[in-house]
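Worksheet: one structure, shown below.
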Amino acid sequence: MKKKKNKKIQKSKILNFNFKNLGNNILDYPYVEIKWQDIEGDAGWSSTKDLKNQKLPTCVSKGYLLSQAKGITRIFTDYIETKDKPTFDNIGNTTIIPTSVIVSIKKINL
């Protein structure tokens with residue numbers, strides 16, 4: 001009798017969203033939480049056994065999802081509202097993440 005292997009359910013790295021219809025209304029942009037793996041290095045001395053047991057750190061970024069295309073996920077957290085209407089002109093505090101290092105992405109309701 002063969003044992004069934006417990007397969008880890010992989011969460012999607014891509015948020016199913018139509019980015020083409022986004023305009024200047026901040027409410028149209030999904031607010032997301034992205035968990036992603038980062039590179040870690042150490043210039044100190046260690047053993048090969050220690051190195052084999054090292055794990056990658058998981059980082060968490062939250063922000064408005066601008067796009068996911070060509071292997072890059074782009075988010076921003078800050079924006080400037082216009083004075084006359086409920087739209088935004090400029091964005092700040094931007095992050096670009098290689099989609100290949102994303103562990104999970106989920107939409108957060110504000």
Side-chain angles (χ1 to χ4, degrees):
M1 179 185 227
K2 288 185 177 181
K3 289 183 180 180
K4 289 185 179 180
K5 291 183 180 179
N6 288 340
K7 288 188 177 181
K8 209 177 199 181
I9 298 172
Q10 184 174 359
K11 295 181 181 178
S12 177
K13 295 180 178 192
I14 304 290
L15 189 68
N16 189 11
F17 192 77
N18 186 359
F19 296 101
K20 293 180 182 178
N21 293 331
L22 295 176
N24 286 332
N25 185 348
I26 193 64
L27 299 176
D28 293 338
Y29 289 79
Y31 192 80
V32 297
E33 175 185 272
I34 302 173
K35 292 185 179 182
W36 54 281
Q37 291 188 314
D38 198 9
I39 296 169
E40 188 171 86
D42 186 353
W45 293 101
S46 63
S47 70
T48 55
K49 182 179 177 182
D50 288 341
L51 180 57
K52 286 180 183 179
N53 292 324
Q54 291 289 321
K55 305 243 188 274
L56 291 172
T58 300
C59 303
V60 179
S61 298
K62 293 180 182 178
Y64 293 95
L65 184 61
L66 180 67
S67 68
Q68 286 191 293
K70 299 181 181 178
I72 299 173
T73 298
R74 294 172 170 87
I75 64 172
F76 63 94
T77 60
D78 303 323
Y79 59 92
I80 298 173
E81 290 183 344
T82 61
K83 295 178 182 178
D84 301 328
K85 52 189 173 185
T87 63
F88 62 99
D89 287 330
N90 295 299
I91 58 173
N93 200 15
T94 62
T95 304
I96 60 172
I97 302 168
T99 304
S100 61
V101 301
I102 291 176
V103 175
S104 67
I105 181 170
K106 67 179 181 178
K107 184 177 178 186
I108 299 172
N109 294 325
L110 294 177

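- Asp28 contributes no side-chain N or O that, together with a main-chain N or O of Asn24, makes up a donor-acceptor pair within less than 3.5 Å.
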- Run the numbers on Ile105 and Gln68 for side-chain contact (heavy atoms from CB on, under 4.5 Å), then give the verdict. CA-CA 11 Å; Ile105 181 170; Gln68 286 191 293; 4.0 Å; yes
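- To the nearest 0.5 angstrom, Tyr64 atom OH is 9.5 Å from Asp78 atom CG.
- No continuous path of hydrophobic side-chain contacts links Ile14 to Ile108 [ILVMFWY only; heavy atoms under 4.5 Å].
- Taking CD1 of Ile34 as the reference point, atom NZ of Lys13 lies at 12.5 Å (rounded to 0.5 Å).
- Within the 4.5 Å cutoff, the side chain of Asp38 has no heavy atoms near those of the Val101 side chain.
- Rounding to the nearest 0.5 angstrom, the gap separating the CD1 atom in Ile75 from the OG atom in Ser67 is 11.0 Å.
- We find the CD1-OG1 distance between Ile97 and Thr73 to be 6.5 Å, quoted to the nearest 0.5 Å.
- Residue Asn16 places its CG atom among 12 or fewer non-hydrogen atoms of other residues, nucleotides or ligands, all under 6.0 Å distant.
- Residues Leu15 and Leu110 are members of one and the same hydrophobic cluster, defined by side-chain heavy-atom contacts under 4.5 angstrom among Ile, Leu, Val, Met, Phe, Trp and Tyr.
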- Apply side-chain contact (heavy atoms from CB on, under 4.5 Å) to Gln37 and Val103, showing your working. CA-CA 7 Å; Gln37 291 188 314; Val103 175; 3.6 Å; yes
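- Residues Lys107 and Val32 share a closest heavy-atom pair of CA-CG1, 4.2 Å.
- Remark: Glu81 CD is loosely packed, at most 12 non-hydrogen atoms of other residues, nucleotides or ligands lying under 6.0 Å away.
- Side chains of Lys62 and Thr77 form no contact here, defined as non-hydrogen atoms less than 4.5 Å apart.
- With rounding to the nearest 0.5 angstrom, the OG1 atom of Thr58 is 10.0 Å from the CH2 atom of Trp36.
- Atoms CG and CZ, on Asn90 and Phe76 in that order, are 11.0 Å from each other to the nearest 0.5 Å.
- Here the side chain of Tyr29 pairs a donor or acceptor atom with the backbone of Gly23 at under 3.5 angstrom.
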